[in-house]
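Letters A, B, ... are given to chains in the order of the sequence lines, protein chains preceding strands, and every chain is numbered from 1.
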Amino acid sequence: MRVRLKCQRVGNFGEQNPGDVIDISVQEAARLVSVGQAEYLDQPKQVVETASLASQLREPSPKARVKRIAWN
Amino acid sequence: MKVVAVTFSKAFKRLTDAWEESVCRNLPGDIEVILVEPKEPEPMPGLDSFSVDNNYKLKIWRDFIKNSDEEIVCMDVDTIVLGDLKPAFNDDFDLAYTIRDNPHMRINAGVIFARPTEKTKAFMDRWVELDTKILTDSKLNEKGKALNYGQNQASLALLLQEKPDIKLKELPCEIWNCVDQNWHNFSEETKVLHIKGHLRECIITFKKPHQFPWWIQKAAAEFFKYDVGEWSELNRCYIGAFCRAG
């Protein structure tokens with residue numbers, strides 16, 4: 001699912017200016033909105049709920065751990 | 001499933017740390033992840049360290065595959081893991097490698113996916129054999145590099161010409177091993193970002209990369225999300241530079 005966002009600050013690798021509208025995935029949208037870089041244009045409530053669900057689904061736990069092995 | 005990477009160069013410490021951070025953040029906990037830290041290979045007279053190091057790394061990959069009883073991903077440590085690698089094994093193959101749209105460097109062997117079948121083990125033995133041979137056989141080296149530039153890639157290209165008895169699969173670099181030539185296609189589908197070229201040089205030498213075109217900045221920004229430890233202060237400065245760059 002993709003949504004439209006209106007940028008509030010310069011960001012996203014410097015490509016957007018405040019006021020620009022970008023088309024973006026729900027997950028990335030949730031991240032940009034949470035740090036105040038953008039605001040939702042489309043159906044905010046549904047989008048926020050979907051994004052929240054998506055972020056929960058993206059958090060499998062526990063995470064991988066790296067085992068370091070010396071080698072001769 | 002198991003993931004194996006090899007690191008032995010101090011110059012790669014920053015890249016290794018970022019790889020480790022990305023693995024911890026983005027791979028599920030049921031995947032066994034091993035970082036092999038051998039002594040640096042002895043320099044060999046007349047041979048460049050790039051080739052010797054890569055040959056040594058390939059031997060370690062071969063040993064892990066031969067001793068594994070489960071699916072295994074062998075990957076270069078100058079990569080960032082962005083998503084679960086298990087779906088690569090949804091296809092039926094003994095060994096999978098990644099390809100890009102470039103006739104002279106079609107294969108990038110920085111990430112391979114293997115099922116430890118007898119055919120895979122025999123394939124790895126032959127790959128190591130050819131890889132070792134091209135270190136000193138300049139004619140064969142030249143032939144291999146004409147097929148596909150690089151050390152492990154040249155020997156793999158030579159091996160593929162022998163039509164080995166194995167079920168191989170070619171996976172797209174843009175998803176499974178996003179090298180510099182694919183950075184403009186870098187997307188949410190990308191599972192592995194391979195830090196190459198000028199960006200890698202900048203990371204190792206601490207040169208500021210904000211003069212790069214947008215697709216390199218995009219890859220750099222992804223790397224800096226995982227740049228950790230003693231570099232974190234510098235990391236913040238870099239990210240600031242990206243936000244200001246237009």
Student: Decide if atom CZ of B/Arg25 counts as having more than 12 heavy atoms of other residues, nucleotides or ligands within a radius under 6.0 Å.
Tutor: yes
Student: I need the contact set between residues 67-81 of chain B and chain A: heavy-atom distance under 4.5 Å, sorted by residue number.
Tutor: none
Student: Taking the six-membered ring for Trp, are B/Phe64 and A/Trp71 ring centroids under 6.0 Å apart?
Tutor: yes
Student: For B/Ile31, is it the side chain, the backbone, both or neither that has a heavy atom under 4.5 Å from a heavy atom of chain A?
Tutor: backbone
Student: Counting heavy-atom pairs under 4.5 Å to chain A, which of B/Thr7, B/Ile60, B/Val23 comes out on top?
Tutor: B/Ile60
Student: When only pairs under 4.5 Å are counted, which of B/Ile34, B/Val6, B/Asn26, B/Asp84 shares the most heavy-atom pairs with chain A?
Tutor: B/Ile34
Student: Heavy atoms only: give me the nearest A/Ala64-B/Pro28 pair and the separation to one decimal.
Tutor: CB-O, 3.5 Å
Student: Determine the minimum heavy-atom distance between A/Val66 and B/Cys24, stating which atoms define it.
Tutor: CG2-SG, 4.1 Å
Student: Apply side chain to side chain donor-acceptor pair (under 3.5 Å) to B/Glu174 and list each qualifying residue two or more places apart in sequence or on a separate chain.
Tutor: none
Student: More than 12 non-hydrogen atoms from neighbouring residues, nucleotides or ligands closer than 6.0 Å to CD on B/Glu189, yes or no?
Tutor: no
Student: Check B/Asp17 against A/Arg68 and note the closest heavy-atom contact, atom names and distance.
Tutor: OD1-NH2, 3.9 Å
Student: If I take atom NZ from residue B/Lys2 and atom NZ from residue A/Lys67, how far apart are they, to the nearest 0.5 angstrom?
Tutor: 8.0 Å
Student: Donor-acceptor pair, A/Lys63 side chain versus B/Gly29 backbone, under 3.5 Å?
Tutor: no
Student: Tell me, yes or no, whether the heavy-atom count around B/Lys86 atom NZ, taken from other residues, nucleotides or ligands under 6.0 Å, exceeds 12.
Tutor: yes
